[in-house]
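Have a look at the structure below before the remarks.
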Amino acid sequence: MTVLRQSTLRDLDPRIVVPAYDRAELTAGIAHIGVGAFHRSHQAMYVDTLLGAGLARDWAIHGLGLLAENEEIRDALAPQDHLYTLVPRHGDGTWEPRVIGSLTGFSHTHGDARTAIERMADPRIRIVSLTITEGGYSIDPVTGEFDPTTPQVAADLAGDAAPTTVFALVDAALARRRAAGIKPFTIMSCDNVQGNGHIAAGSFIGFAKLSDPDLAAWMEDNVRFPNSMVDRITPRTTDADRAELTDRFGVEDRWPVVCEPFTQWVLEDNFGDGRPQFEDAGVQVVDDVVPYELMKLRLLNASHQSLAYPGYLVGYRMVHEVTTDPLFAGFLLDYMAGEAIPTLRPVPGIDLTAYCHQLIERFSNPEVGDTVARLATNTSDMISKFLLPVVRANLASGGAITRSAFVIACWARYALGVDEQGERYEIVDALAPQIRDAAARQREVPTAFLDDNRALFGDQIVDSDRFRARYVALARSVSERGVRATLSGLDTFE
C-alpha cells in the first residue's frame, strides 16, 4: 500500500493517472471557499486538466475553510500535500482513478479573519470562487433580497468583533484591495442556484450596502459576478469508498472523491482581471447561461426531487434502484417531456430529448452509490427552486401539472416520517416541524399542506383552483391506494 503524497506519485499503481506537471512551479490565482467533494470533482478537476496541458500555471487553487468543521479538510489534505484521488465510476464497474494536483494549499481560517482577508487581498488572487451551498447566500426566500437578520450576519454588521461570515470577509478583502489600488477579484459562484452570479452579487453587495455604502457603490461598478451552471453527481465519500480504492489500487487516500463520469460546466464570460482558458478543458464559456441552467434545474434537479419522495415511500434507498424500475423511469421521462421541457427556452447545441434519456442513464449508474435520502434533504429549499417554477410556468400557460402535483403529494406523504412499509425516518429540513404538522393536519383539511406552507408555495399555486383540485385528488390516492397504484394511473387524473 502506498500513502498518497507528492513524493510517492511515482510509486502509485500505473493505472492511476498522476499530475505530469511540476506543482512547485504553480501559483494560486484562485481562492476557493467551500472545499467539499463537489468542488474537488468539478472546478478543481477542470483546472487540473488545464495544468496537465501546460496551461494556467498561475491559476492554481488555494482553499479557504471558514467554518469550524473545516479543520477536517485541513487534517485530511495537508499530510497528502493537498493531493487527492478523483474516481469517476462507470456503470459497468470500471473505475478511472486520477490524482488531482490543482489544489496547492488550504487555510483553515475559522477564528482567523486576518489570514482569510490577507489571502484574498493578495494581488495574485484574481478569482474568489464559492461552493457554500444553495442556502449559504443569506437571501430571503420571499423578497429575494439579502437577509441581514441571521445572528452571524447581524454580529458582523455590528462590528464588535472580528468578522466571521463569508460576506464580511470577502468584502473586507475587496476593501483592502480598493485602498491599495489593486484590481478587484472576480467572485465566481459554483453553487447549484439559478442565477448564481446575480445571487452572489446581491449577497456581497447587499452586505456592503449595510456596512460600507461607498464600498458597495465601488463593487457595483467594478466587481464581476459571472453566472454558471454546474453539473456532476458527487456523493459523499464513505469509509467503504476509501477501503475499496485501497483494495483495487493499493493507495491510501484520506479523502478521495467518487463521482459519475459525466461532467458539465457552462460559464458566463464575465471576468474582471483575467481567467484560466477554461474552454480548453471542456467548459462551455458562453454569453448567456440562462437556457442551460434552466435545463439543468428543471430537468436534472427537479427530476431528483420527483424520484426522491415516491421512491423512498415504496422502499427504495438508492437512486439507481428507483430509475431502473420501468414504472419510475417512465414517470420521470413523462414529467420531463410533458411538463418541464415546455417551460424551457431553446438550449444551443443540446438535444433535450437525448438529454432526458441521458439523465435516466446517469441516475441508473449503481457505481455512483447516490442515496435517495440525500436527495430528500432540505426539501423546502430544493423543491422551491427546482420544481415549483415549472408548476408556476404551466399554471400561467395552461400546461400540464399532474406529475408535478403528484410529486408534491408524495412529499406531503413523505413528511409524515414513515414509509409504506412502516419504517420510520427523520425529516432533514429547516422547516421540518412546520411541514410535518401540515402533513398531519391534511387528514382533516385536504389542502392543509398547501395552505400552511403558503410562503413556500406562493399565492399562484395555493390559490389555483386547478392545482388544488389535482393535488387533493392525488394526495388522497397516494394515501389510500399507495404510490405505485397512483403512479400507474396518473393519466386518469388529467
Side-chain angles (χ1 to χ4, degrees), residues 140-143 302 305-315 331 335 339 372-373 375-396 398-494:
D140 187 296
V142 176
T143 66
Q305 294 299 295
S306 298
L307 70 86
Y309 312 103
Y312 203 99
L313 287 171
V314 303
F331 159 68
Y335 156 74
E339 298 189 20
V372 180
L375 304 184
T377 299
N378 298 324
T379 306
S380 60
D381 187 45
M382 301 298 181
I383 213 162
S384 62
K385 289 182 172 70
F386 305 143
L387 185 68
L388 297 188
V390 174
V391 178
R392 295 189 185 102
N394 283 323
L395 286 175
I401 58 170
T402 296
R403 282 157 182 80
S404 297
F406 168 76
V407 175
I408 295 170
C410 288
W411 177 30
R413 172 63 182 80
Y414 174 86
L416 295 175
V418 57
D419 68 13
E420 293 183 341
Q421 293 73 44
E423 180 180 331
R424 296 192 174 277
Y425 46 85
E426 181 184 2
I427 305 299
V428 183
D429 193 292
L431 302 180
Q434 171 186 323
I435 292 167
R436 186 168 50 245
D437 291 347
R441 204 169 75 83
Q442 196 162 257
R443 297 187 180 98
E444 289 75 39
V445 181
T447 58
F449 196 73
L450 301 178
D451 297 333
D452 293 1
N453 293 298
R454 179 178 288 270
L456 191 154
F457 289 108
D459 294 344
Q460 183 185 5
I461 292 175
V462 176
D463 293 336
S464 167
D465 291 339
R466 182 162 77 101
F467 187 83
R468 290 169 74 88
R470 195 69 49 85
Y471 170 80
V472 168
L474 287 161
R476 182 182 298 117
S477 179
V478 168
S479 178
E480 297 175 357
R481 301 169 60 229
V483 168
R484 282 193 177 276
T486 305
L487 193 53
S488 298
L490 275 183
D491 288 340
T492 65
F493 291 89
E494 295 287 354

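Worth knowing before you read on, the calculation uses all heavy atoms, side chains too, and leaves out hydrogens, waters and symmetry mates.
- Counting only distance, with no hydrogens or angles, the side chain of Gln305 and the backbone of Leu375 share a donor-acceptor pair below 3.5 Å.
- Of all heavy-atom pairs between Ala415 and Ala439, the closest is CB-CB, 3.9 Å.
- Between atom CG of residue Leu474 and atom CG of residue Leu487 there is a gap of 10.5 Å, rounded to the nearest 0.5 Å.
- The distance from atom CZ of Phe493 to atom OH of Tyr471, rounded to the nearest 0.5 Å, is 13.0 Å.
- In this structure a side-chain-to-backbone donor-acceptor pair under 3.5 Å is missing from Asn378 to Asp381.
- Glu420 contributes no side-chain N or O that, together with a main-chain N or O of Gly315, makes up a donor-acceptor pair within less than 3.5 Å.
- One distance of note links OG of Ser479 with CZ of Arg443; it measures 7.5 Å at 0.5 Å rounding.
- Nearest heavy-atom pair, Asp429 versus Leu431, reported as atom, atom and distance to 0.1 Å: OD1-N, 2.7 Å.
- In this structure the side chain of Val462 reaches within 4.5 angstrom of the side chain of Arg468, judged on heavy atoms.
- Interatomic distance, OG of Ser380 versus CH2 of Trp411, reported as 6.0 Å (0.5 Å rounding).
- Annotation for Cys410 and Leu313: closest pair O-CD1, 3.6 Å, computed over non-hydrogen atoms.
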- Determine, stepwise, if the pair Asn453 / Gln434 fulfils side chain to side chain donor-acceptor pair (under 3.5 Å). CA-CA 8 Å; Asn453 293 298; Gln434 171 186 323; 2.7 Å; yes

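- With contacts defined as side-chain heavy-atom distances shorter than 4.5 Å, the pair Thr379/Val428 does not qualify.
- Under a 3.5 Å cut-off, the side chain of Asn394 and the backbone N or O of Ile401 do not form any donor-acceptor pair.
- The backbone N or O of Ala438 lies less than 3.5 Å from no partner atom in the side chain of Asp452, so there is not a single donor-acceptor pair.
- Taking a cutoff of 4.0 Å between a charged side-chain nitrogen and a carboxylate oxygen, Asp437 and Arg441 do not qualify as a salt bridge.
- Of the possible polar contacts, none joining the Ser477 side chain to the Ala473 backbone as a donor-acceptor pair under 3.5 Å is found.
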- When you look at Thr402 and Arg470, which way does the side chain to side chain donor-acceptor pair (under 3.5 Å) test go after all the steps? CA-CA 7 Å; Thr402 296; Arg470 195 69 49 85; 2.7 Å; yes

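- By the side-chain contact (heavy atoms from CB on, under 4.5 Å) test, Ala430 is found to be paired with no residue, residues two or more places apart in sequence or in another chain being considered.
- Here the closest heavy-atom approach between residue Ser384 and residue Pro389 is recorded as O-CD, 3.4 Å.
- Side-chain contact between Thr377 and Glu426: absent, with no pair of heavy atoms (C-beta onward) separated by less than 4.5 Å.
- Not a single donor-acceptor pair under 3.5 Å links the side chain of Glu339 to the backbone N or O of Val390.
- Atom OG1 of Thr486 and atom CZ of Arg476 lie 11.5 Å apart (nearest 0.5 Å).
- Remark: side-chain polar atoms of Gln421 are paired, donor with acceptor, to backbone N or O of Val314 under 3.5 angstrom.
- Remark: side-chain polar atoms of Ser488 are paired, donor with acceptor, to backbone N or O of Arg484 under 3.5 angstrom.
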- Message: Before you tell me yes or no, could you show the steps for Tyr309 and Val483 under side-chain contact (heavy atoms from CB on, under 4.5 Å), namely the whole-Å CA-CA distance, both residues' side-chain angles and the distance that decides it to 0.1 Å?
- Response: CA-CA 10 Å; Tyr309 312 103; Val483 168; over 6 Å; no

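- Under 4.0 Å is where a charged nitrogen must lie from a carboxylate oxygen, and between Asp491 and Arg403 at least one such pair does.
- The side-chain heavy atoms of Ile435 and Ile427, taken from C-beta on, include no pair separated by under 4.5 Å.
- Considering CD1 of Ile408 and CZ of Phe449, their distance stands at 8.5 Å, rounded to 0.5 Å.
- Between Tyr414 and Tyr425, the ring center distance clears the sub-6.0 Å criterion.
- Taking the six-membered ring for Trp, Phe331 and Phe406 have ring centres closer than 6.0 Å.
- Between Arg392 and Asp459, none of the side-chain N atoms (NZ, or NE/NH1/NH2) sits under 4.0 Å from a carboxylate O, so this pair counts as no salt bridge.
- Panel note: side chain Arg413, backbone Gly482; no donor-acceptor pair is recorded below 3.5 Å.
- With respect to Arg454 and Asp463, a salt bridge is recorded, a charged nitrogen being found less than 4.0 Å from a carboxylate O.
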